[in-house]
Amino acid sequence: MPRSTGHTKYRFFINLDVSVRTGRTVFTMSLTLVSQATAMLLANSTKIPLPIPIAPVATLNVIGLLHYDLQTTLTRILNGVVHIGVDICGIVTNIINIIVFVRVGLVDSVTITLFSLAVSDVWFLVFYIILQVNYMLTVVLGLEPYVRLTTLSYLIAWYMNLFNDISILITVFTAVQKSACVAIPLLFKNVFTRLRVTAVILGIYGAMVVYYLPTFVSQGFKQYFDVALNRTRLGYTSQPYRNLLSEIYKIFNRMFLPFTSQVVIIICMFIMSYRLKQASLLRHKMTGDKDGGDREAGMDKVMMNPKEIRAIQVVNLVSAIFVVCNLPDIFIFFCSIYYPEFNDYGKYEISFKLAQAIQKLLTVISATVNVVVYYKFNTKYRNTFNEMLKVMFHPSQSSGKEKSFHK
């Protein structure tokens, strides 16, 4: 039988009261959850994804002390403009060095080593400017010719590294040679003869060519189909043992050679600086700070004459320029070891490329400014250079005076 109407109305009001109470509870719980979520949002907003459009990483990424875009711009300016300008100056100055040293005459060990240094520097700069031109064509102009320019740059870079390492070894040899002669002159004065120095220089060139030869023959060009450009191009290919050669190069040329050369050259600089200071003090003591007197007698006691002092000054300054301009390379290398993301493909890629651009600029400057040192402290070099300028700009005034630099 159906229940009475009174019972039905009574149950309806009971259900209505329960629904109202349940609604109040749900509403209260909802307010509590919203309050808690708001507090969490304010306390740690980075943990809650927000449905807002995110700008590209390149426009928001700030790496290190400089903005990403600023670092990219500085790197392109250095590689595309500054490097090429300084490189051209370096090629010109080293060609001048070669011509002047040939005209002076390769008659002593220091002149031979400085001449060979100019030869290696000019080849280093020639290969380096090819790299920078390829950089401009690829990155700035966006050219994509049949030969892949990035591959061409990579292959040419090894020839650049060859002559750079030759310059490093010649600089080390020059510093060791001169410091040994001034530290123990009686023992080494007749050791570094012209013939022996020439043999050492040729040995350095030959040894480095043999050392780099396996790397040269282990890589080259190979045709491949570029899907993006829809055409065949020349790209990079290498032999299976190429990775082993790369590891050997990293250990010897990136760790051992730079660090050892810096230490040896710095020691030689201390020796040469000490002997120069000793010669200066003794000269002032013997002359009583006057121009006349027993200057030559004082020089005899320190086993150096004015010509030897100028040669030491030249070698010492060239060594100092080398140390200052190549020290950042060691710093960058050890930073890349300590911070694995600091490399060509890591998180700090653009910072690494900017640091490399600055380092390469210093290396190019090191190979460029030697002409200033030679002109300042080498009398024969200065006289010969001035004669060349007279022949170039005033040929009528220089007739009959071309051999005055031999005096």
Side-chain angles (χ1 to χ4, degrees), residues 97 101 108-118 120-121 167-193 197 200-201 204 257-291 293-331 362-363 365-382:
N97 291 338
F101 285 133
D108 58 83
S109 59
V110 175
T111 305
I112 292 173
T113 53
L114 297 181
F115 169 81
S116 60
L117 179 62
S120 60
D121 281 345
S167 295
I168 291 175
L169 293 176
I170 292 177
T171 304
V172 172
F173 173 71
T174 306
V176 171
Q177 169 197 351
K178 186 51 64 177
S179 61
C181 290
V182 301
I184 314 177
L186 296 179
L187 180 62
F188 291 102
K189 187 174 183 180
N190 296 322
V191 172
F192 296 104
T193 61
V197 169
V200 172
I201 296 298
I204 291 174
L257 182 60
F259 182 77
T260 305
S261 62
Q262 291 280 1
V263 172
V264 172
I265 289 177
I266 289 174
I267 294 174
C268 294
M269 287 174 57
F270 275 115
I271 295 174
M272 289 185 288
S273 299
Y274 173 77
R275 294 295 291 172
L276 285 173
K277 183 178 180 180
Q278 187 181 36
S280 177
L281 291 176
L282 185 56
R283 182 172 66 252
H284 287 302
K285 180 179 179 180
M286 297 299 296
T287 60
D289 293 332
K290 296 180 180 180
D291 293 334
D294 300 327
R295 180 186 299 268
E296 295 298 331
M299 290 298 167
D300 292 337
K301 290 187 178 182
V302 294
M303 305 299 294
M304 285 189 293
N305 55 43
K307 179 181 178 181
E308 292 175 339
I309 290 178
R310 288 193 296 269
I312 295 172
Q313 290 174 333
V314 169
V315 175
N316 207 21
L317 285 175
V318 171
S319 301
I321 293 172
F322 172 84
V323 169
V324 172
C325 293
N326 288 274
L327 190 60
D329 188 31
I330 300 176
F331 178 76
L362 292 175
T363 304
I365 291 175
S366 175
T368 302
V369 299
N370 288 340
V371 63
V372 179
V373 179
Y374 302 154
Y375 187 87
K376 174 68 176 179
F377 294 99
N378 192 317
T379 304
K380 286 186 177 181
Y381 184 98
R382 183 168 56 252

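Note that the numbering runs from 1 along the sequence shown for the chain. Because only heavy atoms are used, hydrogens play no part in the values below, and waters and symmetry mates are left out as well, while side chains stay in.
Remark: Ser319 OG to Lys178 NZ distance equals 11.5 Å, nearest 0.5 Å. Here the straight-line distance linking atom NZ of Lys376 with atom CZ of Arg310 works out to 12.0 Å at 0.5 Å rounding. In this structure, CZ on Phe377 lies 5.0 Å from CD on Gln313, to the nearest 0.5 angstrom. To the nearest 0.5 Å, atom CD1 of residue Ile365 and atom CD1 of residue Ile321 are 10.5 Å apart. Within the model, atoms CG of Asn326 and OG of Ser261 stand 7.0 Å from one another, a figure rounded to the nearest 0.5 Å. From Ile266, atom CD1 reaches atom CD1 of Ile271 across 12.5 Å, with rounding to the nearest 0.5 Å.
Contacts of Phe270 classified as ring-ring contact (aromatic ring centres under 6.0 Å, His included), with partners at least two apart in sequence or in another chain: none. Scanning for ring-ring contact (aromatic ring centres under 6.0 Å, His included) contacts around Tyr381 gives Phe101, Tyr374, with sequence neighbours left out.
Nearest heavy-atom pair, Ile170 versus Thr113, reported as atom, atom and distance to 0.1 Å: CG2-O, 3.7 Å. Nearest heavy atoms, Ser366 versus Phe322: OG-CA, 3.9 Å. Annotation for Ile330 and Pro258: closest pair CD1-O, 3.6 Å, computed over non-hydrogen atoms. Of all heavy-atom pairs between Asn97 and Ala118, the closest is CB-CB, 3.9 Å. The two atoms that bring Ser120 and Ser167 nearest to each other are OG-OG, 2.7 Å, heavy atoms only.
Tested against Ser109, the residues Thr193, Val197, Thr174, Leu114 include a single side chain to side chain contact (heavy atoms under 4.5 Å, CB included) partner, Val197.
A donor-acceptor contact closer than 3.5 angstrom links the side chains of Asp108 and Thr111. Remark: the Ser273 side chain and the Asn316 side chain contain an N/O donor-acceptor pair separated by less than 3.5 Å.
Proximity of a side-chain donor or acceptor of Arg382 to a complementary backbone N or O of Tyr375 within less than 3.5 Å is detected.
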If you apply the rule side-chain contact (heavy atoms from CB on, under 4.5 Å), what do you find for Ile201 with Phe173, and how did you get there? CA-CA 9 Å; Ile201 296 298; Phe173 173 71; 4.1 Å; yes
Start with the C-alpha gap between Asn370 and Asp121, add the side-chain angles, then the distance that decides, and say whether side-chain contact (heavy atoms from CB on, under 4.5 Å) holds. CA-CA 10 Å; Asn370 288 340; Asp121 281 345; 3.9 Å; yes
side-chain contact (heavy atoms from CB on, under 4.5 Å) between Val182 and Ile312, worked out: CA-CA 8 Å; Val182 301; Ile312 295 172; 3.0 Å; yes
Run the side-chain contact (heavy atoms from CB on, under 4.5 Å) check on Leu257 and Leu169 step by step: do they pass? CA-CA 9 Å; Leu257 182 60; Leu169 293 176; 3.6 Å; yes
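Using a 4.5 Å cut-off on side-chain heavy atoms (C-beta onward), Ile265 and Val172 make contact. By the 4.5 Å heavy-atom criterion applied to side chains, Val373 and Asn378 are not counted as neighbours. Here the side chains of Val314 and Val110 are not in contact, with every heavy-atom distance at 4.5 Å or above.
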